[in-house]
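Written below as structure tokens is the structure these notes are about.
Positions are given from 1 along the sequence. Being a predicted model, the structure only gives us computed values, none of them experimental.
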Amino acid sequence: MRKIRTSAALAAAALAVGLSPSMASAAITVQTTTNATTMVNNLVGGGTGITIVAGSATYTGANMASGTFTGGNFLGSQFTSGVVLTSGDATKLDGPNGGTSDYSTNNGFAGGNTRLDAIVTPQATHNASTLTFKFIPTSDVISFQFVFGSDEYSEFVGSSFNDVFGFFLNGQNIALIPGTTTPVAINNVNNGNTSNNTPAKNSQYFTDNINGGLDTKLDGLVGQKIALFATASVTPGQESTIEIAIADTTDSSYDSAVFLRSGSFIDEPPPPPPTGIPLPAGVWGGMSLLSGLGLFSKIKRRRKS
């Protein structure tokens with residue numbers, strides 16, 4: 001695997017974070033739940049004008065597959081809590097990544113998801129986790145932030161083992177690659193696969209974790225280095241339904257997860273992209289620490305000299 005070189009300052013900052021127990025303590029902690037209302041209340045932002053239809057929230061899937069989480073320093077800057085749905089065991093997401101198949105559990109829920117089946121046809125889905133609820137927006141648009149991750153990266157890119165997820169707003173999938181109608185999935189966002197000569201696709205949204213570095217067992221993440229948002233038009237004052245689902249495809253191994261940022265479900269467009277470099281939580285703290293120690297000023301003096 002080709003490693004990306006970074007500046008000395010950034011590499012040193014990351015090293016400092018790794019050496020500091022207080023900064024490295026943001027590993028994900030999952031509280032499993034099948035209570036759909038608990039998950040929806042975590043996802044929907046308070047005071048946004050979105051009203052959840054009482055009694056509409058439902059969840060289907062394995063008991064171990066879903067929940068709320070805190071930590072999650074591997075998800076990117078400020079994405080440190082929310083809801084997680086998996087096709088495996090949500091309690092085993094934390095790192096380090098010990099190999100290409102260490103996030104793989106048949107969670108015992110045999111059922112798939114019919115909407116996801118339509119995406120991966122002629123294959124079928126298994127171990128599906130599905131969260132559904134109805135809401136009434138005040139505005140004419142909704143959005144929320146997500147990260148998709150899988151243990152199928154990258155050895156199963158270009159194969160029929162193509163784990164998939166979707167956000168179906170009134171039946172239409174809005175979990176799409178920005179500016180396209182293409183669903184986010186293993187075969188659609190990746191760094192390619194040299195073993196079967198599959199070229200990379202939409203790799204700007206993909207983060208490779210096959211050699212570790214991020215505090216999760218997932219081998220690859222989508223939406224970690226460039227924030228991704230599901231967004232769509234809605235009718236103000238009119239009831240809408242959203243179905244959030246993820247599943248294994250073809251088999252029940254090498255699991256996947258989708259993370260939904262806490263409070264990010266709002267009736268507004270996505271926020272503008274940040275002007276800085278999106279980094280895992282804690283790195284900025286490490287850079288601040290190094291700055292306080294005078295490292296950056298030393299680097300600047302060396303460059304000038």
Ignoring hydrogens and angles, tell me if any N or O in the side chain of [X] forms a donor-acceptor pair with the backbone of [Y] under 3.5 Å.
X    : Y    : answer
E152 : D163 : yes
N127 : A247 : no
K217 : D94  : yes
S203 : A200 : no

Looking only at side-chain N and O atoms, does [Y] offer a donor or acceptor that is under 3.5 Å from a partner on [X]?
X    : Y    : result
Q224 : N209 : no
S233 : D140 : no
N191 : S154 : no
T198 : N193 : no
S256 : S150 : yes
N202 : N188 : no

Distance flag, aromatic centroids of F259 and F79, threshold under 6.0 Å: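 No, too far apart.
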Distance (rounded to the nearest 0.5 Å) between [X] [atom1] and [Y] [atom2]:
X    : Y    : atom1 : atom2 : value
T207 : F74  : OG1   : CZ    : 11.5 Å
D151 : D255 : CG    : CG    : 7.5 Å
I226 : Q204 : CD1   : CD    : 6.0 Å
H126 : D248 : NE2   : CG    : 8.0 Å
N97  : T216 : CG    : OG1   : 7.5 Å
L43  : I50  : CG    : CD1   : 8.5 Å

Joint hydrophobic cluster, [X] plus [Y], side-chain heavy atoms closer than 4.5 Å:
X    : Y    : value
V222 : I177 : yes
L228 : L176 : no
V40  : I246 : yes
V258 : M64  : no

Y59/S129 under side-chain contact (heavy atoms from CB on, under 4.5 Å): CA gap, chis, key distance, verdict: CA-CA 7 Å; Y59 170 79; S129 295; 3.3 Å; yes
Is the F144 ring parallel, tilted or perpendicular to the F265 ring (thresholds 30°, 60°)?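 Rings of F144 and F265: parallel, under 30°.
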Evaluation steps, side-chain contact (heavy atoms from CB on, under 4.5 Å), between T80 and N73: CA-CA 6 Å; T80 56; N73 58 352; over 6 Å; no
Below 4.5 Å, heavy atoms only, C-beta onward: do [X] and [Y] meet side chain to side chain?
X    : Y    : result
T32  : N63  : no
I186 : V157 : yes
F165 : S87  : no
F133 : I52  : yes
D267 : V234 : no
N113 : E243 : yes
L131 : S66  : no
D215 : I28  : no

Might you point out which heavy atoms bring [X] and [Y] nearest each other, and give the distance in Å?
X    : Y    : result
M39  : V83  : O-CG2, 3.2 Å
T130 : A245 : OG1-CB, 3.7 Å
G158 : N187 : N-OD1, 2.7 Å
Y254 : E155 : CE2-OE2, 3.7 Å
F135 : L169 : CZ-CD1, 3.8 Å
E239 : K134 : OE2-CD, 3.3 Å

Could you go through T33 and N35, starting from their C-alpha distance and side-chain angles, then the distance that decides it, and tell me whether this counts as side-chain hydrogen bond (donor to acceptor under 3.5 Å, both in side chains)? CA-CA 5 Å; T33 183; N35 188 313; 5.2 Å; no
Can you tell me if CD on Q31 sees more than 12 non-hydrogen neighbours from other groups inside 6.0 Å?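 No, because the 6.0 Å sphere around CD of Q31 holds 12 heavy atoms or fewer from other groups.
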Among Ile, Leu, Val, Met, Phe, Trp and Tyr joined by side-chain contacts under 4.5 Å, find the other residues sharing a cluster with V164 and list them by chain and number.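 Via sub-4.5 Å side-chain contacts, V164 links to L116, I119, V120, F168.
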Linking directly or through intermediates, with side-chain heavy atoms under 4.5 Å: list the remaining ILVMFWY members grouped with I136, chain and number order.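 Other cluster members: V53.
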Apply the test side-chain contact (heavy atoms from CB on, under 4.5 Å) to residues D208 and Y153: give CA-CA distance (whole Å), side-chain angles for both, the deciding distance (0.1 Å), then the verdict. CA-CA 8 Å; D208 191 350; Y153 285 115; 6.0 Å; no
Does the pair L260 and F167 meet the rule for a side-chain contact (heavy atoms from CB on, under 4.5 Å), with working shown? CA-CA 11 Å; L260 315 169; F167 306 141; 3.8 Å; yes
